Each structure stands twice: as C-alpha cells, then as structure tokens.
Amino acid sequence: MKFEKIQAPKGVREYLPPESSAFEWVREQLIAPAKAAGYTLMELPVFEDTNLFTRGVGESTDVVSKEMYTFEDRGGRSITLRPEGTAGVMRAVIEANLDRGQLPVKVWYSGQFFRAERPQAGRYRQFYQVGIEAIGVDDPALDAEVIAIADQGFKNLGLKNYRLDITSLGDAASRAAHRVDLMKFIGQLDLDEATKERASINPLRLFDDKRPQMQSAMAKAPLLLDYLSEESRANFDRVKEYLTVMGIAFVVNPRMVRGLDYYTGTTFEFVHSDLGAQSGIGGGGRYDGLMEILGGQTLSGIGFGLGVDRALLAAVAEGTVPGEEFSSDLFIIPLGDEAKSSALRMAQELRARSIRIEIAFGDRALKGAMKAADKSGARYVIVLGDAELAAGEVELKRMSDGVISSVKIEQLKSTLIEALSLTTLN
RNA sequence: GUGGGCGUAGCUCAGCUGGUAGAGCACUCGGUUGUGGUCCGAGAUGUCGCGGGUUCGAGCCCCGUCGUUCACCCCA
C-alpha cells in the first residue's frame, strides 16, 4: 500500500533547519529595538471577525476586495485570517479598554499573516511580520521614534542597501483639497476601465502603478505634499527634523502610496535594492480615524509592520546572516542498555546546570556516533560502556585537538564546568 | 486573475540530432576488537511530476494536467 505524499499548501514559506535559525535571528533583531523602547508584547488571534478588516482596512483596498482568506465558522460567523496587524491590535485595545490608561499605549506583535495572492519572490500567502503600535498621542517626536525603531531593526541585521521613503498624507482638509485637483487631472487622461475604476475608489493609487505609460502620465499630476495645510506641513517638518537629529537617512517621496486606507499624516516605507520586484521590507504610518471607525475613542495612532521573510532575504542577499552557533558542550555515546540509562541520568543532572548535552541514540557503530558528535559541534565527548561504568571513570575527549583525559564520573560535572568556563574565557 | 521559465537520486545538477539514466555532495558500512575531522575502498537510493499521444523505441517531441518559480495587478 503506497500513500500519496501531501504537500504544503500553495504559497506558504516554511523555515526548516538549518535556515530556521536565521529566521529566528532576523525576527529577534527586528523586534529588539521596540522592546528596548518600552513596547510590550500583544499576542493576538490569527483569525478575526471579517468586519474588522472590511471596516478597518477599507473595502476599496485590494487586500480586502480580493486577497482575504475568509470562511464561515461552525456558528455561521464570517471569519478572516488576518491580512495585516494593526486592525487586530486596535480591536484588542478597544475591547480591553487599554486606551483608558496611560497613553500612548505601546505594544509590539509578531506572527503570521495571510493574503491569497499569486506567490512570487518575497511574496507568500502566509508571511511573517513584526510590528509595533503607539496609540493615543499625536506628536511628531513619536512619529520619528517609531520610524527610528524600525530603522534600528534593519541596522541590527547589518543591512545597508535599503532606503527609507517618507511622506505625509496630511489632514482631512489637505487630502480633500488635493483630491479635487487630482481627480480633475486624472479625468484628462486616457485610461483603461480597470484603472478608471481604481482611480474612482482612490485616485492616489495611480501613483503606484508600475507600468511605464502610467508613470509618465502621472509625472505631472498634482502632489498631495503641495496641498498640505499649514499645520500638517509644520508637523511633517518636525518629523524630518527629528529624524535628522537622530542621524536617520530618509528620502521624501511625494509619490509614495500605501496600500491600506487607514493611513493619514506621516507615512513611510523601507525599500531594499537587492530583492527583485517585491522590494518593500517594511512600512507604516499614522492613522487618525481607525480607532473611531472600529468603535473606540477618537484617538490617533502610529505603527509599522516589518516583513520578516523579506528582511531575511535581504540579509541573505547582503551576506549578513551569522553562521549556525549552537554546539553542545558534551556529547555522550552510550554503549548498551545500562549505559543508556546512565547517560540519561547524567544528562539530566548536567542539563540542570545549563550544560548542553547531546546523546547518541540508536545503537550505531562507534565510528558513526563519533562522526555525529563531530557534526554536532560538541566541545567534549565521552564514550560510556561497561568498562567505564565498572571503573567509575570515563575518558573525556576534547574535540578541538583530540586530547583525552581520564575523569572520575562523580567529578565529571565539576571538571566540565571548569573546562567550559575556561574555554569561554579564551 | 494574466503572462513567461522550470519539474531527472536526500541536495545541486548533467543527459548530444529521440536508442530502455549519470556526476558531485550527503548517507551507510569497512580499512582502525571501543574514539571524529583528511585519505582509500565498497554499498544503497530514481514510477525521469502525473496522464495521454506520436514512434520499432520517449527523460528528450506533441497535448493536457498538477506543482514550482519569476513577472504584471498589488503588497510585507
């Protein structure tokens, strides 16, 4: 009887050994600056009420209109696998009344997100992001700090070939004024139906079209940045000033468009140059109306999401991923059942002292077991057989140079602790 | 959703104008009665993605299908 193999669903990216350690490293580096800045963990569900996204992210967005994994649960409720992180954070903050305390609420999150798109380099149906949100304070200094935290994450990875684009979407009045002129401009263009449709939903989207004819058509389009109210402009100037003070390089990109509807004011995006078509490694911005739309207070917020998968691709492209570091301190090769029992007991005792132990399993030939010990990168090896158990003494082999020394079993722990701390000091 | 490339051993791939499958690495065992890395020897492993067609004969050609990959739309 031969069963068919089952494959992973289309478009998922898995991280298996040895690459998984690099993934873990990237995720830790990306989020470390947020932890250092006082952000605390929020662990959220990966599925939510569908309305959270249609209302929060916006029905006009591609994400909501054609990329959501939506299904009905057994109680007939419409459920959606989260396509982004901010809406879920807002929902939880409102639900738990976290916004009634000290502001800003500062949280970070990490996990997988889902979009039903056609996969390609750097774009997967399940992808990983780390992100932060700072809710309840509208201050350009906070905007600058949030951007700085994201930037520091990429710097932690050793990345150099990336650029930070920033712009401001201004306040509602600024956007309204600009929209009138932009619509007028777009009305003069000769557009295909699909593009006209997109323009009517959100004219700003046309700035993001990669097709060359569209790029040149939009070259003379009125820019939102030129329509900012005095207050918005002053606010944006402060953000730029603070970034400069922090030594963070940025480019003002008035044509930058974000894909989600809730953004207002300061928005930003990190773009890496070695990744092919999907080059955005992170982005975010301020969202003034989101909390209210989701039934909460009228509070502003700002946050970002960083793509862990893409950041890893970038780190690999730039060659900054550190080598595998794990190696056990002691590798025990037991010969026979009685020896296995002793090996397990020794391992138990030594691990309690944070000594890293691996055991050779499976009754393989000694040569093979030694080979496995070598591959594992173990610093020391002992062979445990009847002779050793009878004598109460083992031969401790130092793998770096092959030197063997006799050690009484009862002294193994202290001997190892001493030997390991000495090598660490070297 | 649209378009192009690619599916051969665990991995990376080779396979001439069609003649019934190979390399390197990895793996196992041995050279060393119980001590790794180098070296030497031996060995195991494939429905050539799947289905159909053309042919005396298909890994190679044709059609379909699935998977994968890159790009478009869009995005992390």
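Everything quoted here is computed from the prediction, not taken from an experiment. Below, read A as the first sequence line, B as the second, and so on, with proteins coming before strands; counting in each chain starts at 1.
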Distance between the C1' atoms of B:rU38 and B:rC11, in whole angstroms?
-> 23 Å
In whole angstrom, give me the gap between the P atoms of B:rG22 and B:rG59.
-> 14 Å
C1' gap between B:rG4 and B:rA42, integer Å | 47 Å
To the nearest angstrom, how far is A:M256 atom CE from B:rC75 atom P?
-> 11 Å
What interatomic distance, in whole Å, is found between C1' of B:rU20 and the corresponding atom of B:rC6?
-> 25 Å
Any side-chain heavy atom of A:R310 sitting closer than 4.5 Å to one from A:R123?
-> yes
Given that A:I281 and A:G368 both sit by RNA chain B, which one's nearest nucleotide is further toward the 5' end?
-> A:G368
Aro-ring/base stack A:F127-B:rA76, d under 5.5 Å, angle under 30° = yes
Looking only at atom C1', what distance separates B:rC27 and B:rC70, rounded to whole Å?
-> 33 Å
N/O to N/O distances under 3.5 Å, protein versus nucleotides 31-36 of chain B:
from   : atom 1 : to     : atom 2 : distance (Å)
B:rG31 : O6     : A:K367 : NZ     : 2.9
B:rG34 : N1     : A:E388 : OE1    : 3.0
B:rG34 : N1     : A:E388 : OE2    : 3.1
B:rG34 : N2     : A:E388 : OE2    : 2.4
B:rU35 : O2'    : A:K397 : NZ     : 2.5
B:rU35 : O4     : A:E395 : OE1    : 3.0
B:rG36 : O2'    : A:D374 : OD2    : 3.3
B:rG36 : N7     : A:K397 : NZ     : 2.7
B:rG36 : O6     : A:M399 : O      : 3.4
B:rG36 : O6     : A:G402 : N      : 3.1
B:rG36 : N1     : A:M399 : O      : 2.5
B:rG36 : N2     : A:D374 : OD1    : 2.9
B:rG36 : N2     : A:M399 : O      : 3.2
B:rG36 : N3     : A:D374 : OD1    : 3.3

Side-chain touch A:L416/A:D329, heavy atoms, less than 4.5 angstrom = no
With rounding to whole Å, what would you report as the distance between B:rC48 and B:rG15 at their C1' atoms?
-> 11 Å
Atom CZ of A:R13 and atom P of B:rA76 are separated, to the nearest Å, by 19 Å
Can you check each nucleotide of nucleotides 65-72 of chain B against protein heavy atoms at under 4.0 Å and return B for base, S for sugar-phosphate only, - for none, in 5' to 3' order?
-> --SS-SBB
Describe the nucleic acid contact of A:R115 in one word from base, sugar-phosphate, nothing, applying a heavy-atom distance below 4.0 Å.
-> base
Under a 3.5 Å cut-off on both pairing distances, which runs of 3 or more consecutive Watson-Crick or G-U pairs involve RNA chain B?
-> B:1-7 with B:66-72, B:10-13 with B:22-25, B:27-31 with B:39-43, B:49-53 with B:61-65
Rounded distance in Å between the C1' positions of B:rU69 and B:rG49 | 15 Å
Measure the spacing between CG of A:L41 and CD1 of A:I132 and express it to the nearest 0.5 Å.
-> 13.5 Å
Separation between the C1' atoms of B:rA23 and B:rA9, rounded to whole Å | 11 Å
Over how many whole Å does the gap from A:Y263 atom OH to B:rC75 atom P extend?
-> 11 Å
Distance col, row A:M90:CE vs A:L299:CG, nearest 0.5 angstrom, shows 9.0 Å
Find out whether A:W25 and A:L312 are in side-chain contact, i.e. whether some heavy atom of one side chain is under 4.5 Å from a heavy atom of the other.
-> no
